Amino acid sequence: MDSIKSHEEPIFPTMSSFSGQASAGTFLPVSRSLPLTFNNDADSDSVSEAGDTGDRTLQRRHSHQNVLLDHHPAMNTASVTKPFPVDITKSPLPTEFLLSPEANNSAKVEEPVLPKSLEYISCLTHLAVFGILGAVTRYMLQKLFGPTVAQVTSDGSILYLDLPANMVGSFLMGWFGVVFKADIARVSEFLAIGLATGYLGSLTTFSGWNQKMLDLSADGEWLYAVLGFLFGLFLSAYSIILGVETAKGFRWLLRRRASSEEKKQSCLKANAYKRNIMSMILMVTLLMAFLIVSATELVKEFEKGTSKAQLWLGCLVAAPGVWLRWFLARLNGRGLGKNGQYLRWVPFGTLIANVAAASVMAALATLKKSVDTPTCNTVASGVQFGLLGCLSTVSTFMAEFNAMRESDKPWRAYAYASFTIAVSFAMGTIIYSAPVG
């Protein structure tokens with residue numbers, strides 16, 4: 001045991017670094033700093049849940065609290081025993097001041113955050129707000145690196161318009177969706193979900209990537225289409241690796257600084273319930289403001305048929321795409337068969353979201369070719385950018401890919417990526433290449 005505890009973190013993240021609970025009282029699948037050994041079932045669950053598990057995060061916590069209350073009826077409903085009394089993911093960040101002195105002195109008591117219904121509302125509002133911000137960031141990166149400014153990306157090359165967004169999102173996923181996700185979850189699990197699933201999931205888009213390769217193949221540039229998939233996968237994969245490694249370096253600096261300083265800090269008493277209520281109210285307010293601004297600007301730009309009109313329409317329909325992807329993520333780690341004993345290592349939720357978004361995007365592209373009116377183009381492009389762009393994701397896809405690559409069965413990563421790309425491209429080709437009148 002001593003040798004395990006003293007083992008230093010490897011240069012590249014191990015399979016176990018993407019799995020498990022965030023910490024005591026935290027139920028998000030986040031990074032661990034100890035190289036633990038898993039059996040086959042745990043390994044499969046670990047890699048398939050590396051990116052997201054959807055609302056199962058909330059279901060786990062509430063089912064755990066109910067079990068605790070059943071076994072300890074004398075316990076007050078405002079405090080339950082933490083599931084893991086030993087914190088194996090010690091946070092290097094100074095988050096202790098967010099807890100009460102009693103919580104710092106004892107790792108046995110935790111106040112429930114919100115009732116289940118309010119937790120769902122808070123999650124949905126966080127996802128919507130951060131999803132809209134992710135879509136807007138993706139639009140800005142398209143313009144920044146596109147033909148009008150930096151002239152790095154374009155529609156007709158393997159350097160497709162969404163490549164910078166996919167790379168930036170994958171890099172940040174290494175920071176906030178892998179290494180520091182546990183630390184963020186200790187402050188607010190809703191913030192962790194909003195950042196990883198909402199913002200980074202919407203900043204990146206698999207359906208946009210697939211569609212640009214379909215456009216190349218439809219123009220007869222099959223070689224460029226294949227190279228575009230390989231090049232995009234390579235750059236996104238190494239972006240998340242770079243993100244993980246730089247985040248680990250920063251984490252090491254934080255730990256070193258924390259160990260050299262006295263830990264004598266004044267504890268500020270903060271009520272978790274009130275803090276999360278205020279956070280939910282803030283998110284609801286921001287969401288309403290975003291929707292009002294988007295609707296107002298859409299009315300101004302719609303008749304012009306500009307890219308700004310597509311952006312504002314995309315912001316209006318972004319939230320349903322994020323929500324659907326989050327609910328589909330509950331299928332990750334479930335497997336197939338009566339008891340889920342088959343293919344538990346496949347993240348079926350992410351797979352379905354990406355393939356479905358890519359197929360519908362191809363159908364809308366076909367519709368635009370068939371109708372070819374300014375109104376149809378604006379509406380279809382806005383839905384493609386917002387709803388389908390946020391339904392599909394590359395950052396979560398890369399988190400799962402990297403977890404599989406670092407597991408004891410790395411072939412799964414390439415099988416998963418190849419199957420996702422092949423099925424999406426085949427479905428899109430059948431739909432997109434259909435003759436239109």
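As the structure is a computational prediction, the values presented were derived from the model and not from experiment. Residue numbers start at 1 and run along the sequence shown.
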Could you state the interatomic distance from [atom1] ([X]) to [atom2] ([Y]), rounded to the nearest 0.5 Å?
X	Y	atom1	atom2	result
Met278	Asn276	CE	CG	11.5 Å
Met173	Ile240	CE	CD1	6.0 Å
Met213	Leu230	CE	CG	10.5 Å
Leu118	Thr125	CG	OG1	10.0 Å
Asp155	Tyr160	CG	OH	13.0 Å
Ile352	Ser392	CD1	OG	14.0 Å

Check whether any side-chain heavy atom of [X] sits under 4.5 Å from a side-chain heavy atom of [Y], and report yes or no.
X	Y	answer
Met398	Leu233	yes
Ser307	Lys143	yes
Tyr238	Met167	no
Ser48	Arg412	no
Trp326	Cys123	yes
Asn332	Glu400	yes
Tyr416	Phe397	yes
Thr350	Phe206	no

Using only atom types and a distance under 3.5 Å, with no angle test, would you say the side chain of [X] pairs donor to acceptor with the backbone of [Y]?
X	Y	answer
Ser217	Leu214	yes
Trp312	Thr296	no
Arg138	Thr205	no
Thr153	Phe145	yes

For this session: With Phe130 as reference, evaluate Val322, Leu200, Leu191 under the side-chain contact (heavy atoms from CB on, under 4.5 Å) test and give the passing residue.
Result: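 So, applying the side-chain contact (heavy atoms from CB on, under 4.5 Å) to Phe130 and each of Val322, Leu200, Leu191, only Leu191 qualifies.
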
For this session: Using side chain to side chain contact (heavy atoms under 4.5 Å, CB included) as the criterion, list what pairs up with Leu324, not counting sequence neighbours.
Result: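 If we apply the side chain to side chain contact (heavy atoms under 4.5 Å, CB included) test to Leu324, skipping adjacent residues, the hits are Leu328, Leu391.
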
Are [X] and [Y] linked by a side-chain donor-acceptor pair shorter than 3.5 Å?
X	Y	answer
Thr393	Ser395	yes
Ser279	His126	yes
Thr197	Asp52	yes

Could you tell me whether [X] atom [atom1] has more than 12 heavy atoms of other residues or ligands within 6.0 Å of it?
X	atom1	result
Phe327	CZ	yes
Met280	CE	yes
Lys308	NZ	no

Exercise. Can a salt bridge be assigned to the pair Glu297 and Lys300 using a cut-off of 4.0 Å between side-chain N and carboxylate O?
Worked result: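 Salt bridge flag = yes for Lys300 with Glu297.
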
Problem set entry | Residue from Phe231, Phe425, Phe229 passing ring pair (Phe, Tyr, Trp, His ring centres under 6.0 Å) with Trp209 |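 So the option named by the test is Phe229.
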
